[in-house]
Every structure is written in C-alpha cells, then in structure tokens.
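Computation of the quantities below employed the complete heavy-atom set of this structure, encompassing side-chain atoms and omitting hydrogens, waters and symmetry-equivalent molecules. This is a predicted model, so every value here is computed, not measured.
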Amino acid sequence: MTAQAALDLADAVADQLADPHSAPPGPAARRQHLAHGLSGIALLHIERAAAGLGPWQRAHEWLAAASREPLTSGSDSYPFYGAPAFAHALACAADHLLGAYGRALDTLDRQMTADVNQRLDAAHRRMDAGRLPALAEFDTIRGLTGYGAYLLRRNPSAPALLAVLDYCVRLTQPIMNEGEALPGWWADTGPSGRPDDRFPGGHANSGMAHGIGGVLALLALAARQGTFVDGHHEALGRILAWLDRWQEDTGRGPAWPYWVTRDELHTGRLAPSAPRRPSWCYGTAGLTRAQQLAALALGDVNRQLDAENAFVAALTDPAQLKATTDNALCHGFAGLAHVAARAADNAHPSTAGQLRAMIPALLAAVHPPDTDPVHAATTLMQDEERGPGLLDGAAGIALALLAPSTAAPPRSAWDACLLIA
C-alpha cells in the first residue's frame with residue numbers, strides 16, 4: 001500500500017466516524033474506555049485536525065459526546081477509563097487550541113493527582129507488608145505507570161510524577177515471597193489479573209500494556225526529558241537485566257516471552273511455545289521500543305542497536321508475522337507500522353532506514369493494493385467484535401496509519417498513552 005492509499009483509508013474511516021450520534025454506540029460500560037469508547041475515537045479527529053487533515057469541529061463534537069454524561073473518577077477510574085481517559089484526549093486537543101479546555105483540564109488534573117496519591121499510599125503499604133502486587137497496581141492500562149504517562153506529558157516536574165517514578169524504582173527491587181526472592185513486579189495471578197490454575201505461583205509479566213515493559217518505557221521517557229529520581233538508572237538496569245536474562249533466540253533474532261512463570265523461574269528455561277506476534281501490547285515491537293528508549297536515556301549505543309536490530313528481525317520473520325492475524329493498533333499490523341515509524345524517528349543511522357523499509361509491507365497488510373478505501377473503511381466499521389475504537393477498532397487503525405504514511409511524528413502526542421514516545 002502506498003502512503004497515499006493509507007491516508008485515503010484513514011480519511012474514509014474518519015468520514016464514517018464524523019458524527020458521534022451516528023456511530024455505533026457500543027455497550028454503555030465501554031463508552032468511557034479509551035480503548036473502545038468515545039475519547040479514543042476523539043483522538044483520531046484531534047490528530048487529523050492538528051495535522052491539518054480534518055476540521056476541529058469533529059474533534060469538539062466527539063469530546064462533547066464523551067463528556068455528556070458524568071465521568072467516572074476516583075477508585076473506579078483508571079488511566080484508560082473514565083476521567084483519566086477523557087483527560088488524555090482533552091489534553092491532546094488543548095495543546096493546539098490556545099486557551100481551550102484549560103479550566104476543565106485543571107479540574108481533571110486535581111482529581112487525578114488525588115487519585116494517584118491514594119494509589120501510591122496503598123502501593124507502599126502493600127510493599128511495606130511484603131505482599132506481591134496486582135497487575136492493576138502498576139500497569140499501563142489500569143495502574144500507576146499509565147498515570148505516570150499522563151503526568152509526564154502534562155508537567156515533567158510535577159510532584160505526583162516524581163512520586164510515581166519513586167514507586168517505579170521501588171517496584172523493580174526484589175521482594176521475598178515464601179522464602180524466595182522474586183522481581184518486585186511479580187504477580188500471584190494469571191495475566192488476566194485473576195487467579196488462574198495455569199499459573200501456579202503467579203508470573204512476571206513482560207508486556208507494555210500489563211507488565212514491566214511499560215514501567216521501563218516510563219522511566220526511560222522521563223529520563224530523556226531530564227526528570228530523574230533517586231535510583232532511576234539502577235531501576236532501568238534491573239529491568240534490562242531481567243529482559244536480557246529471558247531473551248530467547250528465534251533463529252531470526254531475539255524475542256522475549258510475554259511472561260515468565262514460577263516453573264520457568266525455577267528451571268531457568270522457558271517452556272517451548274509457538275512463534276508469538278510481535279505486537280505493542282505484548283511482544284517484540286513494544287519491548288524493543290522500550291529498550292531502545294532506555295538505551296537512548298542511558299547513552300548505550302550497543303544496546304540501542306541490539307534493540308533496533310531485534311525489531312527489524314521480528315518484522316522480517318515469517319513465523320512472527322504469520323502469528324499476527326489482525327490489523328489493530330494494539331496487536332495488529334497497523335500497530336506494528338506505527339511503532340516502527342516511532343522507533344525509526346530515534347533510530348541509529350545504520351538501522352533507521354531498515355525500519356522505514358519495513359513499513360510499506362505492514363501498510364499493505366492493513367489495506368491491500370487496489371482496495372477501495374471506502375469499502376475497506378466500511379468493512380472495518382462493520383466489525384462488531386472489534387468496534388470503532390482505539391485499541392482494537394477502526395479509529396485506532398486509522399490513527400496508526402498517519403505517522404507511517406506521512407513520515408512525520410504525531411502532532412497531538414495521542415500515542416503518549418502507549419508509552420512509545
């Protein structure tokens with residue numbers, strides 16, 4: 001698919017999502033969710049307006065629709081749900097509209113700071129008691145790492161952000177459990193966050209969405225902006241050492257497991273598995289971007305090159321690409337194209353061109369050549385299982401096509417919530 005064809009598909013999706021009143025409403029419980037709901041779709045129109053590709057009026061209408069009913073806040077909200085999710089979209093718009101939304105964002109920021117402080121108090125009490133964390137305590141979607149992504153973007157010197165970074169440093173320190181030293185992010189549940197007989201003794205999650213990959217990315221991004229706390233570099237080093245320990249050779253290049261189980265920890269070996277998709281949420285795309293950012297923060301050129309070459313290897317590995325079965329931002333081809341474009345923006349000269357050379361094939365997987373963009377957009381919109389939303393649906397696919405097609409980074413920082421930039 002050519003860059004213009006990708007833009008045409010994004011245009012067609014945006015046109016079909018022009019009016020929030022005519023879009024598929026979806027379940028009421030999902031409407032406040034950044035991944036599936038109105039705020040996530042608003043991001044498509046915000047980014048297009050910021051890039052001069054669409055009218056601001058559409059963005060305003062989607063933001064108005066997202067805030068028409070009371071937003072969930074407090075303990076029932078989290079970075080991808082309720083007031084925090086809406087705050088992310090609103091901030092993306094406000095950056096380009098002088099004086100707009102300022103009062104609403106101030107109110108949201110105060111609420112978010114209060115929520116973060118309550119979560120931090122609970123997390124430190126848990127640590128003091130020597131208990132293992134829940135994934136939702138720290139992860140990108142539901143936890144403190146996701147709050148940190150928002151705070152870093154809003155104010156890199158905010159006391160609440162520094163407190164989150166202090167927490168992340170402490171999270172990387174070993175924790176004793178039943179007489180055994182475990183990484184501090186070890187959860188005693190399955191990857192769903194619930195008890196799971198398939199994970200006796202719990203697991204250490206590697207992913208960007210629900211695991212230590214997101215923590216690594218947040219610490220790296222903060223360091224790159226000049227925001228540090230005590231033990232910052234040491235925490236980066238502990239996470240990187242863990243990923244080095246569990247790196248495996250696919251025959252085409254290195255990859256990392258989605259998680260490590262208690263049995264694998266005891267034996268020191270990963271159980272055999274089929275090739276995994278190299279996605280943002282779990283897999284090589286997200287983790288190599290996090291490691292690239294960490295290497296840039298640490299000034300480690302060799303590690304940077306290793307991460308970038310691993311990403312190139314994943315994108316040329318037929319087995320990993322075959323395991324990628326959809327087009328979504330979260331774990332599909334559009335997401336791979338977007339993360340590749342973001343990684344190429346910061347890549348070493350010897351690998352930047354290789355990463356960019358991978359993008360046309362990824363775009364073609366999303367929208368095969370000679371496919372009518374309106375028909376393709378209609379097909380995406382009619383997928384009731386995935387819906388029109390950000391992480392799995394049409395809006396996210398359209399958003400993910402923009403940066404790879406224009407060879408320019410996002411104008412609205414919409415992807416800050418993914419911790420890839």
Quick one, [X] and [Y] - any side-chain contact, counting heavy atoms below 4.5 Å?
X      : Y      : answer
His203 : Leu135 : yes
Leu152 : Leu165 : no
Tyr282 : Asn205 : yes

Check: Between Tyr258 and His210, is a side chain to side chain donor-acceptor pair (under 3.5 Å) present by the stated rule, with each step listed?
Finding: CA-CA 10 Å; Tyr258 289 1; His210 298 298; over 6 Å; no
Checklist line | Distance in Å, Asn346 CG paired with Gln292 CD, rounded so as to fall on 0.5 Å steps | finding: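 Answer for the CG-CD pair, Asn346 versus Gln292, is 5.5 Å.
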Under 3.5 Å donor-acceptor pairs involving side-chain atoms of residues 184-192, not counting sequence neighbours:
{"residue": "Trp186", "atom": "NE1", "partner": "Gly201", "partner atom": "O", "Å": "2.8"}
{"residue": "Ser192", "atom": "OG", "partner": "Arg194", "partner atom": "N", "Å": "3.2"}

Item checked: side chain to side chain contact (heavy atoms under 4.5 Å, CB included), paired with Thr324, selected from Pro275, Pro278, Ser279 ->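 Answer after filtering Pro275, Pro278, Ser279: Pro278.
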Next item on the list: Might you work through the side chain to side chain donor-acceptor pair (under 3.5 Å) test for Asp76 and Tyr81, ending with a clear yes or no?
Entry: CA-CA 9 Å; Asp76 291 329; Tyr81 183 78; over 6 Å; no
Next item on the list: Can you see which heavy atom on Asp244 is nearest to which on Arg303, and at what distance?
Entry: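 What the structure gives for the nearest pair is OD2-NH2, 2.8 Å.
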Next item on the list: Not counting sequence neighbours, which residues clear side-chain contact (heavy atoms from CB on, under 4.5 Å) with His96? List them please.
Entry: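 For His96 the side-chain contact (heavy atoms from CB on, under 4.5 Å) partners, ignoring immediate neighbours, are Ala50, Trp56, Arg411, Ser412.
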Check: Do the charged groups of Glu137 and Arg131 touch, with an N to O distance under 4.0 Å?
Finding: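 Salt bridge between Glu137 and Arg131, a charged N being under 4.0 Å from a carboxylate O: no.
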Checklist line | Sidechain N-carboxylate O distance under 4.0 Å for Arg342, Asp345 | finding: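 Between Asp345 and Arg342 there is a salt bridge, with a charged N closer than 4.0 Å to a carboxylate O.
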Note to self: Is it the case that the side chain of His45 and the backbone of Leu17 share a donor-acceptor pair, with hydrogens and angles ignored and the cut-off at 3.5 Å?
What the structure shows: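 Side chain of His45 to backbone of Leu17: a pair is present.
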Margin query: Closer than 3.5 angstrom, by distance alone: can the side chain of Arg289 be matched with the main-chain N or O of Ile420 as a donor-acceptor pair?
Written below: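 A pair under 3.5 Å: yes.
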Check: Does the gap between the ring centers of His233 and Phe228 come in under 6.0 Å?
Finding: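 Yes, ring centres under 6.0 Å apart.
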Check: Honestly, is Arg119 close enough over Tyr147, meaning NZ or CZ under 6.0 Å from the six-membered ring centre and within 45° of the axis?
Finding: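 Not flagged: Arg119 not positioned over aromatic ring of Tyr147.
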Check: Do Tyr150 and Asp109 pass the side chain to side chain donor-acceptor pair (under 3.5 Å) test, and can you show the C-alpha distance, the side-chain angles, and the key distance before you say yes or no?
Finding: CA-CA 10 Å; Tyr150 177 82; Asp109 286 351; 2.6 Å; yes
Next item on the list: Give a yes-or-no answer on whether the side chains of Gln111 and Asp115 include a donor-acceptor pair shorter than 3.5 Å.
Entry: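 A pair is found: one side chain offers a donor N or O, the other an acceptor, under 3.5 Å apart.
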